[in-house]
Amino acid sequence: MPSATTTADRFTRNTPLFHVLRDPRGHDAVERYLPGLVMSSTLHTLHGFPIGLIADTEESLTPEARAAFVADVEAIDLSLPAPVREPERYIAPSAAYEDSTIARGSATAVATEHVSRFGRFELQVDGPHSGNPFIDVEFAATISGPDGSVRVPGFYDGDGVYRLRWLAEVEGPFTFTTASNARSLDGITGGFTVGSAAERAHGPVRVANTFHFAHADGARYRPIGTTSYVWTHQGDELEEQTLRTLADSPFTKMRMCVFPKSYLFNENEPQLFPFEGDARAGFDVRRPNPEYWRHLEKRIDQLAELGIEADLILFHAYDRWGFSTMDPVADDRYVAYAVARLASFANIWWSLANEYDLLFEKTTEDWERFAAIVTANDPADHLLSIHNCRDFYDYSRPWITHASIQRQDIYKTSETTNEWREAWRKPVVIDECAYEGNIDQGWGNITGEEMTRRFWEGALRGGYVGHGETYVDANDILWWAKGGSLRGTSPDRIEFLDSILAEGPTEGLEPIPLDWDIPRAGVENEYYLYYFGFNRPTYRRFLLEPSRSYTVDVIDTWNMTITRLAGVYRGRFRIDLPGRPYMAVRLIAVDD
């Protein structure tokens with residue numbers, strides 16, 4: 001059997017399904033012979049297997065059909081460009097949307113008069129609703145105040161209601177003036193004041209000190225991430241249970257999707273969708289569903305009350321409804337609408353995609369265009385990244401604030417944090433280091449011990465690791481997808497790690513490399529944290545500058561204990577260790 005996955009201009013039976021599906025002609029061939037596979041929940045478990053093997057093991061095909069399937073795939077001439085479907089054409093909103101007899105700025109408007117710093121200013125206008133205001137009407141405002149002027153996009157919220165929201169970051173008096181192609185919405189003016197921040201309101205999270213994070217007011221922020229992709233698509237009972245679980249957890253960031261998900265353990269239909277329509281009749285991507293978006297906003301606000309950032313994923317490939325294959329015009333319109341609705345939420349992070357490289361119809365040019373839409377329409381300048389499956393995106397791109405990583409190696413995950421930091425000079429957030437659980441997929445069955453180890457490794461290498469949980473459940477309620485309750489052993493240990501970090505250097509841990517066996521981090525001559533991982537020494541020798549003395553703490557990261565050794569240590573010294581894995585040692589400089 002030949003080893004090549006393709007010849008110069010042909011697929012072969014050894015070409016992985018992943019590559020065949022990337023070509024529209026290959027995609028069509030798979031759909032002809034295996035209708036429904038492309039939208040099935042098991043598709044992505046087959047991606048890496050050769051197309052010939054998939055054909056040979058497909059029970060629905062006769063031997064003749066299997067041979068014909070492979071032959072049709074092998075007959076695709078890759079030297080010829082693939083056909084492109086006719087996309088939706090963009091039509092600019094008309095300046096004549098309203099009759100010229102309509103008085104400019106005549107619509108009824110109500111605006112927030114007083115807002116606290118890091119709160120939301122909102123302008124509501126009752127305006128026209130003929131045609132399709134979602135695409136026929138442009139609505140924005142210029143907000144001016146002590147720190148200058150900014151353009152803020154508005155959005156249509158259905159039933160003749162237009163809204164415009166803005167995240168206030170500076171105290172003082174502000175004015176606004178609207179702009180619209182609808183005469184009644186154009187030229188509305190007013191003013192409001194921004195006062196001091198409410199208790200626990202620190203503003204959006206941004207990059208600090210190159211590799212770390214802080215809120216807009218300077219308050220330190222450590223992302224302790226978890227993933228529950230479609231928890232907001234599960235109905236009130238389960239969603240409220242998820243919020244109760246989060247309230248009793250250490251997590252400060254939640255990765256979550258706008259669109260519902262079709263994948264293993266994700267067979268249920270959501271009650272609400274981002275667009276009008278339903279799964280049977282189809283969806284009108286020109287008409288967002290305001291009820292869905294209000295529900296999403298409610299959940300994001302509830303996360304904020306818990307001190308949790310919403311790392312919102314705009315696109316993903318696990319789709320049976322057609323949202324992952326919308327035309328570019330529909331994509332752009334959706335991204336702009338999402339940003340207009342949500343950029344005023346202080347606890348938003350933008351993730352253009354989960355596993356961008358599985359969205360076969362999207363190109364680098366598409367992702368760059370989406371990034372431009374986000375940055376142009378988000379006056380709050382929220383964090384923005386994109387997440388990989390197989391191939392890293394170019395995280396050096398200027399619009400990317402931090403690297404959102406999925407491991408590329410089955411075993412090495414956080415161990416590579418140092419290299420990624422140096423390559424991109426940005427914070428490294430390993431959002432998928434694998435999940436604690438017991439399902440049949442290798443990404444979803446590591447132990448709590450291993451999850452905890454990866455968190456510690458990442459922290460001491462100057463990065464941030466994310467959690468997820470995939471324990472088999474009779475009702476297919478797995479935390480990583482639907483939320484609910486946590487069953488794993490790592491969250492308590494992750495919280496213990498965070499307590500160690502909270503007591504550490506104010507600006508975050510920085511790696512202090514050793515010559516060989518274990519990671520070390522801290523501040524030279526002030527604070528050192530050593531982590532032994534799965535090694536289990538019975539003692540350790542240290543060599544430090546003799547001019548400083550240190551207290552020594554032996555930390556059992558699994559049993560969550562800290563033992564302070566008697567006395568102080570300096571220069572060359574040895575300490576005894578218990579000879580079991582998952583131990584750490586902390587040295588803190590003291591004055592003699």
Side-chain angles (χ1 to χ4, degrees), residues 93 97 103-128 133-134 137-157 160-198 201-206 215-217 290 293-294 297 300-301 304 312 333 335-350 371-384 399 401:
Y97 174 74
R104 182 172 175 268
S106 58
T108 301
V110 177
T112 308
E113 294 183 0
H114 304 282
V115 61
S116 61
R117 185 184 179 205
F118 306 130
R120 282 196 296 274
F121 164 78
E122 180 164 324
L123 170 66
Q124 176 182 319
V125 184
D126 295 328
F134 289 109
V137 177
E138 290 181 330
F139 179 56
T142 298
I143 295 179
S144 301
D147 57 342
S149 298
V150 63
R151 176 190 175 276
V152 180
F155 61 93
Y156 184 59
D157 200 24
V161 175
Y162 297 79
R163 299 186 191 279
L164 184 142
R165 297 169 177 157
W166 177 67
L167 175 61
E169 292 197 45
V170 175
E171 297 179 33
F174 287 82
T175 61
F176 64 85
T177 302
T178 65
S180 177
N181 65 308
R183 290 176 59 84
S184 61
L185 304 178
D186 186 54
I188 298 171
T189 61
F192 60 98
T193 59
V194 177
S196 59
H202 300 290
V205 173
R206 299 190 177 115
H215 288 276
D217 69 350
W293 289 94
R294 292 175 200 136
E297 291 164 353
I300 293 171
D301 263 340
L312 195 65
R333 187 170 54 231
V335 172
Y337 188 80
V339 175
R341 285 201 75 121
L342 300 174
S344 61
F345 289 67
N347 63 320
I348 281 285
W349 297 25
W350 304 116
I373 293 170
V374 172
T375 54
N377 289 279
D378 179 7
D381 195 26
H382 289 287
L383 294 170
L384 171 61
W399 57 266
T401 57

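Computed from a prediction, not measured in an experiment: that's the story for all the values here. When reading the values below, keep in mind they use all heavy atoms of this one structure, side chains included, and skip hydrogens, waters and symmetry mates.
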Do Trp349 and Thr401 pass the side-chain contact (heavy atoms from CB on, under 4.5 Å) test, and can you show the C-alpha distance, the side-chain angles, and the key distance before you say yes or no?
-> CA-CA 10 Å; Trp349 297 25; Thr401 57; over 6 Å; no
How far apart are the C-alpha atoms of Val137 and Tyr97, what are their side-chain angles, what is the distance that settles it, and do they pass the side-chain contact (heavy atoms from CB on, under 4.5 Å) test?
-> CA-CA 8 Å; Val137 177; Tyr97 174 74; 3.5 Å; yes
Would Val150 and Val152 satisfy side-chain contact (heavy atoms from CB on, under 4.5 Å), going step by step from the backbone distance to the final call?
-> CA-CA 6 Å; Val150 63; Val152 180; 4.0 Å; yes
side-chain contact (heavy atoms from CB on, under 4.5 Å) evaluation trace for Val161 with Gln124 = CA-CA 7 Å; Val161 175; Gln124 176 182 319; 3.8 Å; yes
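From Asn347, atom CG reaches atom CG of Leu167 across 10.0 Å, with rounding to the nearest 0.5 Å. To the nearest 0.5 Å, atoms CG (Asp126) and CG (Leu185) are separated by 10.0 Å. Distance check, rounded to the nearest 0.5 Å: CG of Leu164 to CG of Leu123 gives 6.0 Å. Thr375 OG1 to Asp378 CG: the interatomic distance, rounded to the nearest 0.5 Å, is 8.5 Å. To the nearest 0.5 Å, the span separating OG on Ser196 from CD on Glu171 amounts to 5.5 Å.
A salt bridge links Arg165 with Glu122: at least one charged nitrogen is closer than 4.0 Å to a carboxylate oxygen. Using a cut-off of 4.0 Å between Lys/Arg side-chain N and Asp/Glu carboxylate O, Asp157 and Arg294 are scored as salt-bridged. Between Glu169 and Arg206 there is a salt bridge, with a side-chain nitrogen of the basic residue lying less than 4.0 Å from a carboxylate oxygen of the acidic one. Classification of Glu297 and Arg120 as a salt-bridged pair fails, no side-chain N sitting under 4.0 Å from a carboxylate O.
Residues passing the side chain to side chain contact (heavy atoms under 4.5 Å, CB included) test with Thr142, sequence neighbours excluded: Ser144, Ser149. Partners of Phe345 under the ring-ring contact (aromatic ring centres under 6.0 Å, His included) rule, at least two apart in sequence or in another chain, do not exist in this structure.
When each of Leu312, Val374, Ile373 is tested with Val339 by the rule side-chain contact (heavy atoms from CB on, under 4.5 Å), just one qualifies, namely Val374. Looking at Tyr156, Phe139, Phe155 one by one, the single match for ring-ring contact (aromatic ring centres under 6.0 Å, His included) with Phe134 turns out to be Tyr156.
Across all their heavy atoms, Gly172 and Pro146 have their closest contact at CA-CG, 4.1 Å. Between Ser106 and Ala103 the shortest heavy-atom distance is OG-O, 2.8 Å. Here the shortest heavy-atom pairing between Ala107 and Val125 reads CB-CG1, 3.5 Å. In terms of heavy atoms, Ala380 sits closest to Pro204 at O-CG, 4.4 Å. Between Pro128 and Pro133 the shortest heavy-atom distance is O-CG, 4.1 Å. Residues Arg151 and Asn377 share a closest heavy-atom pair of NH1-OD1, 3.6 Å.
Using a distance-only test at 3.5 Å, with no hydrogens or angles considered, a donor-acceptor pair links the side chain of His382 to the main chain of Ala343. Remark: side-chain polar atoms of His202 are not paired, donor with acceptor, to backbone N or O of His215 under 3.5 angstrom. Of the possible donor and acceptor atoms, one in the side chain of Thr178 sits under 3.5 Å from a partner among the backbone N and O of Ile188. Using a distance-only test at 3.5 Å, with no hydrogens or angles considered, no donor-acceptor pair links the side chain of Thr112 to the main chain of His114. In terms of modelled atom types and a separation under 3.5 Å, the side chain of Thr177 and the main chain of Gly187 share no donor-acceptor contact.
Between Thr189 and Thr175 there is no side-chain heavy-atom pair separated by less than 4.5 Å. Within the 4.5 Å cutoff, side-chain heavy atoms of Ile300 are placed close to those of Ile348. A 4.5 Å side-chain heavy-atom check between Phe121 and Ile143 finds at least one atom pair inside the cut-off. A heavy-atom distance below 4.5 Å is not found between the side chains of Asp186 and Asn181. Taking 4.5 Å as the limit, some side-chain heavy atom of Phe192 sits within range of a side-chain heavy atom of Phe176.
In the model, Tyr337 has no side-chain atom that pairs as donor or acceptor with a side-chain atom of Arg333 under 3.5 Å.
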